[in-house]
Amino acid sequence: MKPPMLSVREALGQLLDAVRPVFDAETVPTLEANGRVLAEDQLATIDVPSADNTQMDGYAVRALDCESGSATLRVAQRIPAGSVGAPLEAGTAARIFTGALIPPGADAVVMQEQCEAVGDSVTVRHAPRPGEWIRRTGEDVAAGAVILPAGTRLRSQELGLAASVGLAELPVLRRVRVAVFFTGDELAMPGEPLQPGAIYNSNRFTLRGLLENFGCAFTDYGIVPDSLDATRATLREAAREHDLIITSGGVSVGEEDHIKPAVEAEGQLNMWQIAVKPGKPLAFGEIRRKDGNCFFIGLPGNPVSSFITFLLFVRPFLLRLQGVRGPVEPRGYTMRADFTLPKGDRRNEFLRVRVNAAGGLDLFPNQGSGVLTSTVWGDGLVDNPPGQAILEGDLVRFIPFAELQH
């Protein structure tokens, strides 16, 4: 009797429980840290802003001088960004520009649109509150605060925050090293003549692109011949220098599917049947080596199945392997289905959909596991539970591709 298929959540839970994150660290320039994972907490060394400054072009004033709502003041000084003004005397104003420091004595800024300048005087047609349009010292970041915790995957905004407190270098975990290869004597590369029965190896391009998106250092072993010896030899070689091996194809149990016996001979393997569509077969295990085992994940060969199982299972595994400590599962958004699915599949189905001009979701008409055009046409996936029919107007869980490919 076959064991029951694992749910998507059960399979993902087992994968994440097995992860041993990398721990080797290096220091890199902040300018070159995009996509890397922090090895240590980062603390602010300064306040941001470092001093009170203006959010607007306008006039720095004393709020008390402008209570009437139509006060005429002498413009005593001009303070561009990067300059330090003199103390502001009562009854005067300072022409000031965005980012410039507030002069001592001033307690408000009035935007220039509310002022009328004539000669060396300005009429302030507004009664400002104390503190108006002033950025206070440390209101964004306080010196000594943790601004970026260890395990953060750095994006452009994290790099900007690090730079704002003067961090020129950052300690990051090394890049995860991934080996990838593809099985199937029927596979050919674009540019080669396509023989009868052959297909072009689209998965090679899809998976390489995904690994680049995740900042992996990867080795592409190309197409491996359909033989047990060749598969075992490639696994042994790949395991020596890599943290993870990913394969595409050959994870079934046919006579020409050599992944299962090869991995079992070189390590240990779990062959999972997952209640997911497209997908279903997924192999997970480890390959032996002298200094500790190398992880192995075998994806199905159908192009959409390979793509979606990577997004659902390999992506969170990779993020955790890279040392990311926060959530690694994609966020889903509640959206309206502008289509009907009369009968749900017995598996958890991930439907390729596109956001339409009315803010709803359209369904690609052919949801086959070999229809790669659906992934280009679509904006993301509807996560549809097993057995769930969808009626037009129903609310569904939508996962944008933008949440899945980085």
Side-chain angles (χ1 to χ4, degrees), residues 29-35 42-149 152 154-170 333 355 357 359 400 402 406:
T30 302
L31 280 171
E32 299 174 12
N34 191 39
Q42 296 302 293
L43 277 61
T45 57
I46 60 171
D47 290 320
V48 179
S50 57
D52 291 356
N53 68 84
T54 176
Q55 299 182 47
M56 290 281 181
D57 291 348
Y59 292 85
V61 298
R62 291 163 29 119
L64 189 63
D65 290 337
C66 303
E67 283 183 325
S68 68
S70 184
T72 298
L73 307 172
R74 180 173 64 87
V75 180
Q77 55 184 306
R78 183 177 185 274
I79 312 174
S83 299
V84 178
L88 189 71
E89 297 177 3
T92 69
R95 180 71 167 114
I96 196 165
F97 298 89
T98 303
L101 300 187
I102 302 298
D107 61 1
V109 171
V110 181
M111 65 175 69
Q112 61 189 17
E113 292 84 355
Q114 295 173 314
C115 299
E116 183 179 345
V118 178
D120 62 355
S121 297
V122 62
T123 299
V124 180
R125 304 194 184 282
H126 174 64
R129 302 182 310 276
E132 192 164 324
W133 298 119
I134 293 177
R135 301 187 186 106
R136 293 301 186 187
T137 301
E139 74 172 34
D140 185 13
V141 178
V146 175
I147 57 166
L148 296 169
T152 297
L154 298 168
R155 304 166 298 170
S156 56
Q157 51 266 55
E158 281 85 9
L159 299 182
L161 179 57
S164 76
V165 298
L167 298 176
E169 296 180 325
L170 294 170
Y333 302 87
V355 180
H406 298 280

### Message
Set out, in order, the CA-CA distance, both residues' side-chain angles and the distance that settles side-chain contact (heavy atoms from CB on, under 4.5 Å) for Asp65 and Leu73, then state yes or no.
### Response
CA-CA 8 Å; Asp65 290 337; Leu73 307 172; 4.2 Å; yes
### Query
Would Thr123 and Thr72 count as having a side-chain donor-acceptor pair, cut-off 3.5 Å?
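Result is yes, a qualifying pair exists.
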Pairwise side-chain contact, [X] with [Y], heavy-atom cut-off 4.5 Å (strictly under):
X	Y	result
Val124	Ser70	no
Leu159	Asn34	yes
Leu154	Leu170	yes
Gln42	Leu167	yes
Arg95	Val122	no
Met111	Asp57	no
Val141	Val165	yes
Ile102	Ile96	yes

#### Entry: Arg136 vs Asp52, salt bridge (charged side-chain N to carboxylate O under 4.0 Å, His left out): CA-CA, chis, key distance, verdict
CA-CA 5 Å; Arg136 293 301 186 187; Asp52 291 356; 2.9 Å; yes
### Worked verdict on Met56 versus Gln112 for side-chain contact (heavy atoms from CB on, under 4.5 Å)
CA-CA 8 Å; Met56 290 281 181; Gln112 61 189 17; over 6 Å; no
### Query
Looking only at heavy atoms, which two atoms of Tyr59 and Val75 are closest? And how far apart?
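That would be CE2-CG2, 4.0 Å.
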### Query
Between atom SG of Cys66 and atom CD of Glu132, what is the distance when rounded to the nearest 0.5 Å?
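That separation rounds to 10.0 Å.
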#### Entry: Heavy atoms from other residues, nucleotides or ligands near CD of Glu89 exceed 12 (cutoff 6.0 Å)
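At most 12 heavy atoms, drawn from other residues, nucleotides or ligands, come within 6.0 Å of this atom.
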### Query
When you look at CG of Leu31, are more than 12 heavy atoms from neighbouring residues, nucleotides or ligands closer to it than 6.0 Å?
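No, the 6.0 Å shell around CG holds no more than 12 heavy atoms from other groups.
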### Query
Quick one: which of Gln114, Glu116, Glu113 gives a side chain to side chain donor-acceptor pair (under 3.5 Å) with Arg125?
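Single side chain to side chain donor-acceptor pair (under 3.5 Å) partner of Arg125 among Gln114, Glu116, Glu113: Glu116.
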